[in-house]
Asker: 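This is the structure I want to talk about, given as structure tokens.
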Protein chains: 2
Amino acid sequence: MVMKGREIILGILQSGPHTGYEINDILQTRLSHFFDATSGMIYPTLKKLGTEKLVTKQQISQTDRPNKNIYTITKAGKTAFSKAMSEPTSDEILKSDVLMRLYLVKIYRPNGYQNFFRKKLNVRKPNWRRYKSSWQPGWQMA
Amino acid sequence: MVMKGREIILGILQSGPHTGYEINDILQTRLSHFFDATSGMIYPTLKKLGTEKLVTKQQISQTDRPNKNIYTITKAGKTAFSKAMSEPTSDEILKSDVLMRLYLVKIYRPNGYQNFFRKKLNVRKPNWRRYKSSWQPGWQMA
DNA sequence: CTGCGCATGTAACAAGTTACATGATTTA
DNA sequence: TAAATCATGTAACTTGTTACATGCGCAG
């Protein structure tokens, strides 16, 4: 099973009750490297977790600031989270832009980006004989 | 811009004409570490690329095997792909199950999985004094 | 007086997953 | 004879993104 927004939010709520705003903040700051969240996902998810009785909601009225809802994880929620944590990890897939680009370059530009970038940057072709190293530019096809 | 199925497929077609089946095969074998694809995504995407004139379709009738459609990238398709490749890379987000789990453990199980796993595996608590190292087990909270 | 922090939420949309349907040929 | 390979595709569904709406208080 994959670690989705559902489980992430349940996991955060294990550290104590939080508002949606706080959950958003934690995701945007401390967990931004693993997961990116938006309010358009957090609030609907919290609502759904509520209807599934995995969290409870406590409304706090405020006058100077907008009202807030504090969410607390229930026993059923803790069970659900533990179950998700003990299930096998999904394949580690790096949906990586960089890696993908590097890989695709090999397919469609066998000689690499040398000339492409040289023209873009308006740089002259270097005189490789000036360098003592035996290294020569160019892709080594697998 | 993110490297999505659209661009991935265009990138593969730069290496030559391919059928949907072949594209699927390439993604499932050679590119599975960066991206995972399903036929439910590939065929609709190819169709859409066709209506956008980024690829052309050539139907091949076969008697012993199912008919196949060979897709070729057009000039417009190559332009679109090059443009996507030259756009800034999206933030490298590792939507990593493993990393996320390790991080969340800190939140909801401050002393780590020590006792949890010891009980699961039915192992006795080790006698740490037997080890010369000054290292002691346990999480170091940040 | 502009913008930020607090605080929640919806609606339309985009993208991808799952499950299914079809069907001949070949391999174990 | 069961399963894999070839080969395409749809429909329902899940998940998440983008853009927007609301509105007070406070700091620069």
Side-chain angles (χ1 to χ4, degrees), chain A residues 1-10 12-13 17-29 31-32 34-52 55 57-71 84 90-91 93-95 97 100, chain B residues 1-10 12-13 17-29 31-32 34-52 55 57-71 84 90-91 93-95 97 100:
Chain A
M1 201 217 195
V2 193
M3 216 59 181
K4 299 196 201 109
R6 248 177 93 77
E7 283 77 38
I8 307 273
I9 288 175
L10 280 179
I12 290 169
L13 287 177
H18 288 292
T19 65
Y21 189 85
E22 285 166 356
I23 291 171
N24 187 49
D25 193 58
I26 290 169
L27 286 170
Q28 305 263 306
T29 55
L31 302 182
S32 62
F34 317 122
F35 195 82
D36 58 334
T38 53
S39 65
M41 171 249 153
I42 290 166
Y43 292 108
T45 304
L46 281 170
K47 200 179 191 179
K48 213 184 165 203
L49 288 173
T51 64
E52 294 176 38
V55 300
K57 180 166 107 175
Q58 189 199 351
Q59 283 170 308
I60 307 269
S61 296
Q62 300 183 129
T63 49
D64 54 336
R65 305 201 162 283
N67 297 338
K68 57 177 162 183
N69 306 325
I70 297 178
Y71 292 92
S90 72
D91 287 347
I93 290 168
L94 293 119
K95 293 197 173 174
D97 241 43
M100 196 69 203
Chain B
M1 200 217 197
V2 193
M3 215 58 183
K4 298 198 202 109
R6 247 177 93 78
E7 283 77 37
I8 306 273
I9 288 175
L10 280 178
I12 289 170
L13 287 177
H18 288 292
T19 64
Y21 189 85
E22 285 166 355
I23 291 171
N24 187 49
D25 194 58
I26 289 170
L27 286 169
Q28 305 264 304
T29 57
L31 303 182
S32 62
F34 318 122
F35 195 81
D36 57 347
T38 53
S39 66
M41 172 249 153
I42 291 167
Y43 292 109
T45 303
L46 281 170
K47 199 179 191 177
K48 212 182 166 204
L49 289 173
T51 64
E52 294 176 37
V55 300
K57 180 164 104 173
Q58 187 198 353
Q59 282 171 309
I60 307 271
S61 296
Q62 300 183 129
T63 49
D64 56 335
R65 304 204 161 285
N67 298 337
K68 56 179 165 184
N69 306 324
I70 297 178
Y71 291 92
S90 71
D91 287 346
I93 290 169
L94 293 118
K95 291 198 174 172
D97 240 43
M100 195 68 203

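Residue numbering restarts at 1 for every chain, and letters A, B, ... go by the order of the sequence lines.
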Asker: Once you round it to whole Å, what is the distance between C1' of D:dC6 and CD1 of B:I70?
Answerer: 14 Å
Asker: State whether A:Y21 places a side-chain N or O below 4.0 Å from either non-bridging phosphate oxygen (OP1 or OP2) of C:dC6.
Answerer: yes
Asker: Please list, for nucleotides 11-21 of chain C, all pairs of protein and nucleotide N/O atoms separated by less than 3.5 Å.
Answerer:
residue	atom	partner	partner atom	Å
C:dA15	OP1	B:K4	NZ	3.0
C:dG16	OP1	B:G5	N	3.4
C:dT17	OP2	B:T38	OG1	3.4

Asker: I'd like to check the ring pair (Phe, Tyr, Trp, His ring centres under 6.0 Å) partners of A:F34; sequence neighbours left out, ordered by chain and number.
Answerer: B:Y103
Asker: Would you say D:dA7 has OP1 or OP2 under 4.0 Å from some side-chain N or O of B:Q62?
Answerer: yes
Asker: Please determine, for the side chain of A:K47, which listed nucleotide (D:dT8, C:dT8, C:dT10) has the closest atom?
Answerer: C:dT10
Asker: When the distance from CG of B:D25 to C1' of D:dA4 is rounded to whole Å, what number comes out?
Answerer: 13 Å
Asker: Does B:E7 reach the main-chain N or O of B:K4 with its side chain, forming a donor-acceptor pair under 3.5 Å?
Answerer: yes
Asker: I want to check one thing: is the phosphate of C:dG9, taken as OP1 and OP2, less than 4.0 Å away from some side-chain N or O of A:N69?
Answerer: yes
Asker: Applying the side-chain contact (heavy atoms from CB on, under 4.5 Å) test to B:I23, which of B:L13, B:I8, B:T45 qualifies?
Answerer: B:L13
Asker: Figure out the CG/P separation between B:L46 and D:dT8, and round it to whole Å.
Answerer: 9 Å
Asker: Answer yes or no: is there a side-chain heavy-atom contact under 4.5 Å between A:T19 and A:I60?
Answerer: no
Asker: In whole Å, what is the span from the OH atom of A:Y43 to the P atom of D:dG16?
Answerer: 17 Å
Asker: Run A:L31 and B:M100 through side chain to side chain contact (heavy atoms under 4.5 Å, CB included) and show every step you take.
Answerer: CA-CA 8 Å; A:L31 302 182; B:M100 195 68 203; 3.5 Å; yes
Asker: So, the side chain of B:N69 versus the backbone of B:Q58: is there a donor-acceptor pair under 3.5 Å, distance only?
Answerer: no
Asker: Nearest whole angstrom, please: distance from the C1' of C:dG5 to the CD of A:Q28.
Answerer: 14 Å
Asker: With side chains defined as the heavy atoms from C-beta onward, is the minimum distance between A:D25 and A:H18 less than 4.5 Å?
Answerer: no
Asker: Round to the nearest Å and state the distance from B:I23 atom CD1 to D:dA7 atom C1'.
Answerer: 13 Å
Asker: Got a list of protein N/O to nucleotides 21-26 of chain D N/O distances below 3.5 Å?
Answerer:
none

Asker: In whole angstroms, how far is the P atom of C:dA7 from the CG atom of A:N24?
Answerer: 12 Å
Asker: About how many Å separate OG1 of A:T51 and CG of A:L46, when rounded to the nearest 0.5 Å?
Answerer: 11.0 Å
Asker: To the nearest 0.5 Å, how far apart are CD1 in B:I42 and CG in B:L49?
Answerer: 11.5 Å
Asker: Rounded to the Å, how far apart are B:Q59 CD and D:dA7 P?
Answerer: 14 Å
